[in-house]
Amino acid sequence: SKLPMLKDANRDYLVKTVSTALFELTNLEKTDEFMSDCIDLSVKIEHALFQFCGNAQSQQYMEKCRTIASNIKAKNNPEFRFKIVSGAFS
């Protein structure tokens, strides 16, 4: 699946980082459907963050972006990633 372009470097970075980390680090079968699901989830996460902060250039957005990306990429945090891909967070 192809990553959507949100026409903002910060927003695109978050979608790419989150979708890649979810796909690569979650212990599930690596299928095209799962990659598509990871992209969809990353877009939803980014959209919620953008709605919350209102501006992808703000310090608040960038701090939250780094926190989200860091938590999802943390190799010692598989439960967090699984909760995201299983829909435990909404």
Side-chain angles (χ1 to χ4, degrees):
S1 294
K2 188 174 178 182
L3 288 172
M5 298 304 294
L6 302 174
K7 297 183 174 68
D8 180 282
N10 293 339
R11 297 181 76 189
D12 289 338
Y13 167 80
L14 183 60
V15 169
K16 180 180 179 182
T17 301
V18 169
S19 62
T20 301
L22 288 174
F23 184 76
E24 292 177 356
L25 299 173
T26 302
N27 192 20
L28 295 172
E29 185 179 353
K30 308 301 186 230
T31 63
D32 289 342
E33 181 181 358
F34 181 55
M35 183 68 220
S36 181
D37 291 346
C38 290
I39 291 170
D40 290 346
L41 284 167
S42 68
V43 168
K44 289 176 182 176
I45 290 167
E46 191 289 323
H47 183 71
L49 179 59
F50 184 75
Q51 291 297 312
F52 179 76
C53 295
N55 180 353
Q57 305 307 315
S58 72
Q59 181 177 351
Q60 180 186 31
Y61 180 93
M62 294 305 299
E63 288 173 359
K64 300 268 187 219
C65 180
R66 283 190 290 274
T67 299
I68 290 168
S70 177
N71 283 324
I72 289 174
K73 291 186 329 186
K75 293 188 188 270
N76 64 341
N77 211 351
E79 298 86 18
F80 181 65
R81 282 187 298 278
F82 185 76
K83 286 179 180 180
I84 290 172
V85 298
S86 67
F89 298 122
S90 57

J.: Of the non-hydrogen atoms in A56 and M62, which two are nearest, and what is the gap between them?
T.: O-SD, 3.8 Å
J.: Would Q57 and D8 count as a side-chain contact (heavy atoms from CB on, under 4.5 Å) if you check the C-alpha gap in whole Å, the side-chain angles of each, and the deciding distance to 0.1 Å?
T.: CA-CA 9 Å; Q57 305 307 315; D8 180 282; 2.6 Å; yes
J.: Should L25 and I72 be counted in the same cluster of Ile, Leu, Val, Met, Phe, Trp and Tyr side chains packed under 4.5 Å apart?
T.: no
J.: Quick one: side-chain hydrogen bond (donor to acceptor under 3.5 Å, both in side chains) pairs with a partner in residues 63-84, sequence neighbours left out?
T.: Q59-E63
J.: For Y13, is the OH atom crowded, meaning more than 12 foreign heavy atoms sit under 6.0 Å from it?
T.: no
J.: Any non-hydrogen side-chain atom of C65 less than 4.5 Å from a side-chain atom of N10?
T.: no
J.: Please say which of L41, I84, I39, I45 ends up in a side chain to side chain contact (heavy atoms under 4.5 Å, CB included) with V18.
T.: I45
J.: Walk me through whether L3 and S19 qualify under side-chain contact (heavy atoms from CB on, under 4.5 Å).
T.: CA-CA 9 Å; L3 288 172; S19 62; 3.4 Å; yes
J.: Determine the minimum heavy-atom distance between T31 and F23, stating which atoms define it.
T.: O-CE1, 3.6 Å
J.: Once rounded to the nearest 0.5 Å, what's the spacing between atom SG of C38 and atom NZ of K30?
T.: 7.5 Å
J.: If you measure from OG on S42 to NZ on K16, what distance do you get to the nearest 0.5 Å?
T.: 12.0 Å
J.: Only counting residues at least two apart or in another chain, list the ones meeting ring-ring contact (aromatic ring centres under 6.0 Å, His included) with F82.
T.: none
J.: What pairs meet the ring pair (Phe, Tyr, Trp, His ring centres under 6.0 Å) rule with one or both residues in residues 45-71, with sequence neighbours excluded?
T.: none
J.: Would you say V15 ends up clustered with F80 if hydrophobic residues are merged whenever their side chains have heavy atoms under 4.5 Å apart, either directly or through other cluster members?
T.: yes
